[in-house]
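This one's a predicted model, so the numbers in the text were calculated from it and none came from an experiment. FYI, the numbering just counts along the sequence from 1. Because only heavy atoms are used, hydrogens play no part in the values below, and waters and symmetry mates are left out as well, while side chains stay in.
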Amino acid sequence: MSAARAGSTGVVFDESALLALGSGNSLASQFVANTEHGPTRHVYVPALCLAAADGMRKGLAEHVGALPAVEIVELDFAGASTLGGLLRDGVEWRLGHAIHLSRPTPDWPDGRHVLTVEPDLYADMPLVRTIRLPRRR
């Protein structure tokens, strides 16, 4: 049974959400904490977003990687193919992996929301829904 059919919810942390988490943002932390308390909540971290965030804040990858409730998602063939198309369309690579993970799949027919400080970056992306994370909290 897929996670979505079991009534689960999933969010994808983009680079900005990871940086907010690393800075102690309470709402970002709450998403992770809620995941630890229930099997129907899932937090996904695209590996490329984590690399971008770690490049801006040393040690963030180790911190996020140590969180048991967070699933770090590698870039597979389908993701690389999607990301290539997004790059050709002018989308920044740091966003591409999050976009790919947020779009509908058989396991997530409604897709997954992208948790971000910068939802405007996704405004023109079809099938991408965002949750705005406050810059400071």
Side-chain angles (χ1 to χ4, degrees):
M1 179 183 282
S2 76
R5 284 186 219 123
S8 293
T9 58
V11 283
V12 176
F13 274 54
D14 77 354
E15 172 200 18
S16 68
L18 291 166
L19 289 168
L21 178 67
S23 297
N25 181 286
S26 61
L27 185 56
S29 297
Q30 205 170 28
F31 273 97
V32 174
N34 288 341
T35 301
E36 292 174 352
H37 299 297
T40 61
R41 297 177 184 264
H42 306 274
V43 170
Y44 298 96
V45 173
L48 293 181
C49 295
L50 183 57
D54 190 68
M56 296 179 75
R57 185 180 180 101
K58 184 179 177 181
L60 187 59
E62 288 81 10
H63 171 72
V64 172
L67 297 171
V70 171
E71 181 178 338
I72 298 171
V73 182
E74 298 174 1
L75 185 66
D76 60 7
F77 173 76
S81 179
T82 299
L83 182 57
L86 290 168
L87 290 171
R88 284 188 299 278
D89 290 341
V91 175
E92 295 181 47
W93 69 270
R94 64 186 185 92
L95 304 175
H97 200 180
I99 291 167
H100 170 66
L101 288 180
S102 73
R103 290 183 170 162
T105 66
D107 284 342
W108 293 95
D110 295 327
R112 294 169 271 195
H113 284 85
V114 176
L115 186 66
T116 182
V117 174
E118 306 171 89
D120 293 343
L121 295 176
Y122 300 92
D124 295 331
M125 292 293 110
L127 305 174
V128 176
R129 297 175 298 154
T130 60
I131 297 172
R132 179 185 295 274
L133 190 62
R135 288 199 182 275
R136 297 276 181 202
R137 196 174 243 193

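Here Ser102 pairs with nothing under the side-chain hydrogen bond (donor to acceptor under 3.5 Å, both in side chains) rule; sequence neighbours left out. With sequence neighbours excluded, no residue satisfies salt bridge (charged side-chain N to carboxylate O under 4.0 Å, His left out) with Glu71. Every residue two or more places apart in sequence or in another chain that forms a side-chain contact (heavy atoms from CB on, under 4.5 Å) with Leu60 is listed here: Leu18, Leu19, Ala53, Asp54, Arg57, His63, Val64. A search for side-chain contact (heavy atoms from CB on, under 4.5 Å) contacts involving Arg103 returns Thr82, Leu86, Ile99, Met125, Pro126, Leu127, Val128, not counting sequence neighbours. By the side-chain contact (heavy atoms from CB on, under 4.5 Å) test, Thr105 pairs with Asp107, Trp108, sequence neighbours left out. Under the side-chain contact (heavy atoms from CB on, under 4.5 Å) criterion, Arg94 pairs with Glu15, Ala52, Glu92, Glu118, Leu121, sequence neighbours left out.
Residue Leu83 belongs to a hydrophobic cluster whose other members are Leu48, Leu75, Leu87, Trp93, with links defined by side-chain heavy atoms closer than 4.5 Å. When hydrophobic residues (I, L, V, M, F, W, Y) are linked wherever their side-chain heavy atoms come within less than 4.5 Å, Phe77 remains an isolated member.
Taking both residues in full, the closest heavy atoms of Pro104 and Pro109 are given as CB-O, 3.3 Å, listed atom of the first, atom of the second, then distance. Closest non-hydrogen pair, Ala98 versus Cys49, comes out as CB-SG, 3.8 Å. When all heavy atoms of Ala20 and Leu133 are compared, the pair lying nearest together is CB-CD2, 3.7 Å. Taking each heavy atom of Ser16 and Thr116 in turn, the nearest pair found is OG-OG1, 3.0 Å. Scanning both residues, Arg132 and Asp120, for their nearest heavy atoms gives NH2-OD1, 4.2 Å.
Using a 4.5 Å cut-off on side-chain heavy atoms (C-beta onward), Asp76 and His100 make contact. For the pair Leu21 and Ser29, the minimum side-chain heavy-atom distance is below 4.5 Å. For the pair Val32 and Phe13, the minimum side-chain heavy-atom distance is below 4.5 Å. Phe31 places a side-chain heavy atom less than 4.5 Å from the side chain of Leu27.
Listed for the Asn25 side chain is a donor-acceptor partner under 3.5 Å among the backbone atoms of Pro134. At distances below 3.5 Å, at least one donor-acceptor pair connects side-chain atoms of Arg112 with backbone N or O atoms of Leu101.
A distance of 10.5 Å separates OG1 in Thr35 from CD in Gln30, rounded to the nearest 0.5 Å. Note: Thr9 OG1 to Arg41 CZ = 5.0 Å, rounded to the nearest 0.5 Å.
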